Amino acid sequence: MPVGTDGPTVQPPRLSSPSKLPTQFEINEEDELMNIKPEDSVSETKSRRSSKDTSGLITDLTRLKAITGDERIGDPLYVTEYRQKLPDLTQDVIKERTFEGDEFEIRGLSGADLTRHLQDEYIEDAADGRSDVFDDNESNISSLESDDEKANEEYDTDFDPTEADRLIYPERYETDPNGVGLYERHCEEIGVQPITYFIKHMQDTNLTMKFHGLGPQGMRAIAGNIEINTVTERIDLEGNYILGEGATYLTRVLKDNCYVSELVLSENKIGSEGAVALCELLTKNKTIIHLNLTGNEIDDAAADAFYDMLVANSEIKTLILKHNCFEEYGADCFCKIMDENVTLQTLDLSWNHFQTKGCAALAEGIKLNEGLKYLDVSMNGFGLEGARAMEDALKTNRILRELHCTHCRIPVEGAPHIAAGIQVNEALVKLYIGHNEYGYFANLMVRRSFQALEKELREDRNLVTVYGGVLVDVTSFASKKPRNPEKLLASDPMTKLREYKCNIDLTDEQIDKLMSQLDLDGNGEIDLSELMEGKLENTLLQREAIRYREEVDKKTKKQEQMTAKADPQSFMEMMND
């Protein structure tokens, strides 16, 4: 009846016992297996209807545990047991079930759907006034719900249940910790064959893959793993023919890398395109301090990029650019680099296409540089003009420790210019200047006077000189008479001293000789130890004289026997002896 009209008020029927559910609300075995209680259904329904908790993952468990007092809720072992029982429960489909006294019936519902439907219907009945069956629990429910709503209002965040599950069960998501699956998927997408060696060594600190035939697409396939790699510190991909395209793929993934400090891309034919991409990378990436680009056909088109990079990057220490195609314009750029960059310590420009003017520009850069300690300009056309420019550079530079100028076509007239620069320079430790037109120093024989000078320079300036050997003094081959121990024993003053116990008749010369032999410490006195030492030497000399006499007697006897035979063969043997 509408509110405010006259007439008797209709009260809804009450249950006979407030502590016991009527038969239509009793929980059957299926519900008991699911551990569902009326209080739980109220809490779960309201939590499902909460707009603040869209997932219902955390609040449902908290409310159920608080309402029921069941400590098993939330226990992983209990949850596992429940999940094992749930399939059997849901398979038991209830064909038909009717509740007496109510105007609804449930047909064709599984156990889970039936429980959820019971929860909804019970909430509707509670709203009609029949909720006094659970007077005590209802107040607890409302108080818990109000507390949860306050907590939700206080901590209103966009919570993603997937993230929580990822934290609780990381093993479900981290199925590819080494990146093998990622690499195989990239290979499948690109259409290349996965490389077993890379799969085995992708997590190495020193990743070395020389001559594996990657190519541009193979480089693209491994780039994804290099991007997420936090272990590798050195990458060596020599001889993989990745070209400029592959170098571009590599630079994209190394842009934000802060682990790789050395990069070797020798013999990959990246050309100026790849070199420019690498220079752009190193302008931003300051972690890579060693770069080797040997044999990549880089020419003057990339010279400006190297200049910009080396001026902006003060961290790089080693740059290897040998066996490339730089010419005079590139030499001018490197001259500017050596003038402005003071942190680069090693520069290798050997086997390029620098001619006389380019080499003179490099020498000018050496003159202005204040940071390089190692420079290799071998196999470039210095000539006489380049040697003169190198003289000025060596006279001025005080930092360079090692210089390579082999195979630089320096003529004989250029050797004095190099020598004049070395004479003034006090910092240079090693100078390699062989295989030029004046000969190869490493095979050059020198006199003993040169060896003495080299030893002096090594001690004073730590200058190392490589040469073929020392000429032997011909006068050292002068004929010497064979040693005759008998004569030496007879002339030894110690012999007379041992033969005559007193009244020794020695000449002044023999006395001086005896004193020089016995006075070992040179103090002008002969003590007992020195006397015993002289006696020992004289004894050894006596034994040598005895052996000598035995050999002479044996040889003489043999000659007498050969002479007695008087045949040509014996005569020839005697002459050879």
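These figures come from a predicted structure and were not determined experimentally.
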K.L.:
Can any side-chain N or O of D376 pair as donor or acceptor with the backbone N or O of L403 at less than 3.5 Å?
P.N.:
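A pair under 3.5 Å: no.
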K.L.:
If you compare all heavy atoms of A302 against all heavy atoms of A275, which two are closest, and at what distance to 0.1 Å?
P.N.:
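Taking A302 first and A275 second, the nearest heavy atoms are CB-CB, 4.0 Å.
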K.L.:
Which donor-acceptor pairs under 3.5 Å do the side chains of residues 309-320 make with protein atoms, sequence neighbours left out?
P.N.:
unit_1: N313; atom_1: OD1; unit_2: E315; atom_2: N; d: 2.7
unit_1: N313; atom_1: OD1; unit_2: I316; atom_2: N; d: 3.3
unit_1: N313; atom_1: ND2; unit_2: L282; atom_2: O; d: 2.8
unit_1: T318; atom_1: OG1; unit_2: H290; atom_2: ND1; d: 2.9

K.L.:
Who are the side chain to side chain contact (heavy atoms under 4.5 Å, CB included) partners of H212, not counting sequence neighbours?
P.N.:
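I195, Y197, M209, N240.
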K.L.:
Side chain to side chain donor-acceptor pair (under 3.5 Å) with Q345: which residues, sequence neighbours excluded?
P.N.:
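For Q345, no residue satisfies side chain to side chain donor-acceptor pair (under 3.5 Å) once neighbours in sequence are set aside.
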K.L.:
Measure the shortest side-chain to side-chain distance between L400 and Y374 over non-hydrogen atoms and say whether it is less than 4.5 angstrom.
P.N.:
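A side-chain contact under 4.5 Å is absent here.
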K.L.:
Check this for me: K269, atom NZ, are more than 12 non-hydrogen atoms of other residues, nucleotides or ligands nearer than 6.0 Å?
P.N.:
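Result for NZ/K269: enclosed.
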K.L.:
Between the main-chain N or O of G365 and the side-chain N or O of D339, is there a donor-acceptor pair closer than 3.5 Å?
P.N.:
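Side chain of D339 to backbone of G365: no pair is present.
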K.L.:
With no hydrogens and no angle check, is any side-chain donor or acceptor of N436 less than 3.5 Å from a backbone partner on I433?
P.N.:
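Confirmed, N436 side chain pairs with I433 backbone.
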K.L.:
Give a yes or no on whether the backbone of M390 and the side-chain of D392 come within a donor-acceptor separation of less than 3.5 Å.
P.N.:
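Absent.
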K.L.:
Tell me, do I199 and N178 make a side-chain contact under 4.5 Å, heavy atoms counted?
P.N.:
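No - every pair of side-chain heavy atoms lies 4.5 Å or more apart.
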K.L.:
Just by distance, do the side chain of N324 and the backbone of L293 share a donor-acceptor pair under 3.5 Å?
P.N.:
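Flag set: sc N324 to bb L293 pair under 3.5 Å.
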K.L.:
Taking D348 for the side chain and L321 for the main chain, is one N or O donor matched with an acceptor at less than 3.5 Å?
P.N.:
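Side chain of D348 to backbone of L321, a donor-acceptor pair under 3.5 Å: no, none is there.
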K.L.:
Step by step, would you call F354 with V377 a side-chain contact (heavy atoms from CB on, under 4.5 Å)?
P.N.:
CA-CA 9 Å; F354 301 126; V377 290; over 6 Å; no
K.L.:
Under the side-chain contact (heavy atoms from CB on, under 4.5 Å) rule, what do T232 and T205 come out as? Steps first, then yes or no, please.
P.N.:
CA-CA 4 Å; T232 303; T205 303; over 6 Å; no
K.L.:
What are the two closest non-hydrogen atoms of A389 and A360, and how far apart are they?
P.N.:
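Heavy atoms only, the tightest pair is CB-CA, 4.1 Å.
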K.L.:
Tell me, please, which residues at least two apart from H407 pass side chain to side chain contact (heavy atoms under 4.5 Å, CB included).
P.N.:
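H407: side chain to side chain contact (heavy atoms under 4.5 Å, CB included) contacts with M379, H435.
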K.L.:
Partners of D299 by side chain to side chain donor-acceptor pair (under 3.5 Å), sequence neighbours excluded?
P.N.:
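Only S272 meet the side chain to side chain donor-acceptor pair (under 3.5 Å) criterion with D299.
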K.L.:
Keeping N229 on the side-chain end and V260 on the backbone end, is there a donor-acceptor pair under 3.5 Å?
P.N.:
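Judged by distance alone, no pair lies under 3.5 Å.
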K.L.:
So which heavy atom on G239 is nearest to which on N268, and how close?
P.N.:
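In this case the closest contact between G239 and N268 is N-ND2, 3.8 Å.
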K.L.:
Any side-chain to backbone donor/acceptor pair from N225 onto G179? Under 3.5 Å, distance only.
P.N.:
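Side chain of N225 to backbone of G179, a donor-acceptor pair under 3.5 Å: yes, one is there.
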K.L.:
Go through the structure and list residues passing salt bridge (charged side-chain N to carboxylate O under 4.0 Å, His left out) with E385, not counting sequence neighbours.
P.N.:
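If we apply the salt bridge (charged side-chain N to carboxylate O under 4.0 Å, His left out) test to E385, skipping adjacent residues, the hits are R388.
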K.L.:
Return the minimal non-hydrogen interatomic distance between V253 and E227, and the atom names on each side.
P.N.:
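V253 and E227 have their closest heavy atoms at CB-CB, 3.7 Å.
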K.L.:
Keeping the roles fixed (side chain from T251, backbone from T248), state whether a donor-acceptor pair exists under 3.5 Å.
P.N.:
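Confirmed, T251 side chain pairs with T248 backbone.
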K.L.:
Is there a side-chain contact between I228 and L182 in this structure, where contact means two heavy atoms from C-beta onward sitting under 4.5 Å apart?
P.N.:
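With C-beta onward as the side chain, the pair touches.
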K.L.:
Check whether any side-chain heavy atom of L214 lies under 4.5 Å from a side-chain heavy atom of I222, and answer yes or no.
P.N.:
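With C-beta onward as the side chain, the pair touches.
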K.L.:
By salt bridge (charged side-chain N to carboxylate O under 4.0 Å, His left out), which residues pair with E184, not counting sequence neighbours?
P.N.:
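Once residues adjacent in sequence are excluded, E184 has no partner under the salt bridge (charged side-chain N to carboxylate O under 4.0 Å, His left out) criterion.
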K.L.:
Hey, are E188 and H186 close enough side-chain-wise for a donor-acceptor pair under 3.5 Å?
P.N.:
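No, E188 and H186 have no side-chain donor paired with an acceptor closer than 3.5 Å.
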K.L.:
Would you say N206 and D204 make side-chain contact, with heavy atoms under 4.5 Å?
P.N.:
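They are not in side-chain contact.
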K.L.:
Atom CD of E280 and atom CG of N285: how far apart are they, to the nearest 0.5 Å?
P.N.:
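That separation rounds to 13.5 Å.
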K.L.:
Taking only residues two or more places apart in sequence or in another chain, which ones pass salt bridge (charged side-chain N to carboxylate O under 4.0 Å, His left out) with E262?
P.N.:
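Partners of E262 by the salt bridge (charged side-chain N to carboxylate O under 4.0 Å, His left out) criterion, ordered by chain and then number, come out as R234.
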K.L.:
Is the ring pair F334/F306 parallel, tilted or perpendicular, if the boundaries are 30 and 60 degrees?
P.N.:
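Tilted.
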K.L.:
Begin from the C-alpha positions of T356 and F382 and carry the test side-chain contact (heavy atoms from CB on, under 4.5 Å) through to its verdict.
P.N.:
CA-CA 5 Å; T356 302; F382 270 76; over 6 Å; no
K.L.:
Partners of E238 by side chain to side chain contact (heavy atoms under 4.5 Å, CB included), sequence neighbours excluded?
P.N.:
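Checked E238 against side chain to side chain contact (heavy atoms under 4.5 Å, CB included); matches are K210, F211, D236, S266, E267.
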K.L.:
Answer yes or no: is there a side-chain heavy-atom contact under 4.5 Å between S378 and Y432?
P.N.:
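A side-chain contact under 4.5 Å is absent here.
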K.L.:
On a heavy-atom basis, which atom in A387 and which in I410 lie closest, and how many Å separate them?
P.N.:
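Taking A387 first and I410 second, the nearest heavy atoms are CB-CG2, 3.9 Å.
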K.L.:
What's the separation between atom CD1 in I242 and atom CG in N296, rounded to the nearest 0.5 Å?
P.N.:
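That separation rounds to 8.0 Å.
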K.L.:
I'd like to know whether NZ of K455 has more than 12 heavy-atom contacts from other residues, nucleotides or ligands below 6.0 angstrom.
P.N.:
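Incorrect, the count does not exceed 12.
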K.L.:
Flag the pair E273 / L243 as yes when at least one side-chain heavy-atom distance between them is below 4.5 Å, and no otherwise.
P.N.:
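E273 vs L243: side chains apart.
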K.L.:
How far apart are the closest heavy atoms of G330 and A303, and which atoms are they?
P.N.:
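That closest heavy-atom pairing would be CA-CB, 3.9 Å.
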K.L.:
Test of understanding: with side chain to side chain donor-acceptor pair (under 3.5 Å), list the residues that count as partners of Y259, not counting sequence neighbours.
P.N.:
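Counting only residues at least two positions away or on another chain, Y259 forms no side chain to side chain donor-acceptor pair (under 3.5 Å).
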K.L.:
Got a list of side-chain donor-acceptor pairs under 3.5 Å for residues 415-429, not counting sequence neighbours?
P.N.:
unit_1: H417; atom_1: ND1; unit_2: E391; atom_2: OE1; d: 2.7
unit_1: N425; atom_1: OD1; unit_2: A427; atom_2: N; d: 2.8
unit_1: N425; atom_1: OD1; unit_2: L428; atom_2: N; d: 2.8
unit_1: N425; atom_1: ND2; unit_2: L394; atom_2: O; d: 2.8
unit_1: N425; atom_1: ND2; unit_2: N397; atom_2: O; d: 3.0

K.L.:
When you measure from the side chain of N292 to the backbone of V264, do you find a donor-acceptor pair of N or O atoms at a distance under 3.5 Å?
P.N.:
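No; judged by distance alone, with no hydrogens or angles, the pair does not exist.
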K.L.:
When you compare the side chain of L250 with that of I226, does any pair of heavy atoms fall below 4.5 Å?
P.N.:
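Counting from C-beta outward, I226 and L250 do come under 4.5 Å.
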K.L.:
Any side-chain donor paired with an acceptor under 3.5 Å for E245 and Q217?
P.N.:
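A pair is found: one side chain offers a donor N or O, the other an acceptor, under 3.5 Å apart.
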K.L.:
Could you tell me which residues satisfy side chain to side chain donor-acceptor pair (under 3.5 Å) with E297, sequence neighbours excluded, listed by chain and number?
P.N.:
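Scan of E297 (side chain to side chain donor-acceptor pair (under 3.5 Å), adjacent residues dropped) gives none.
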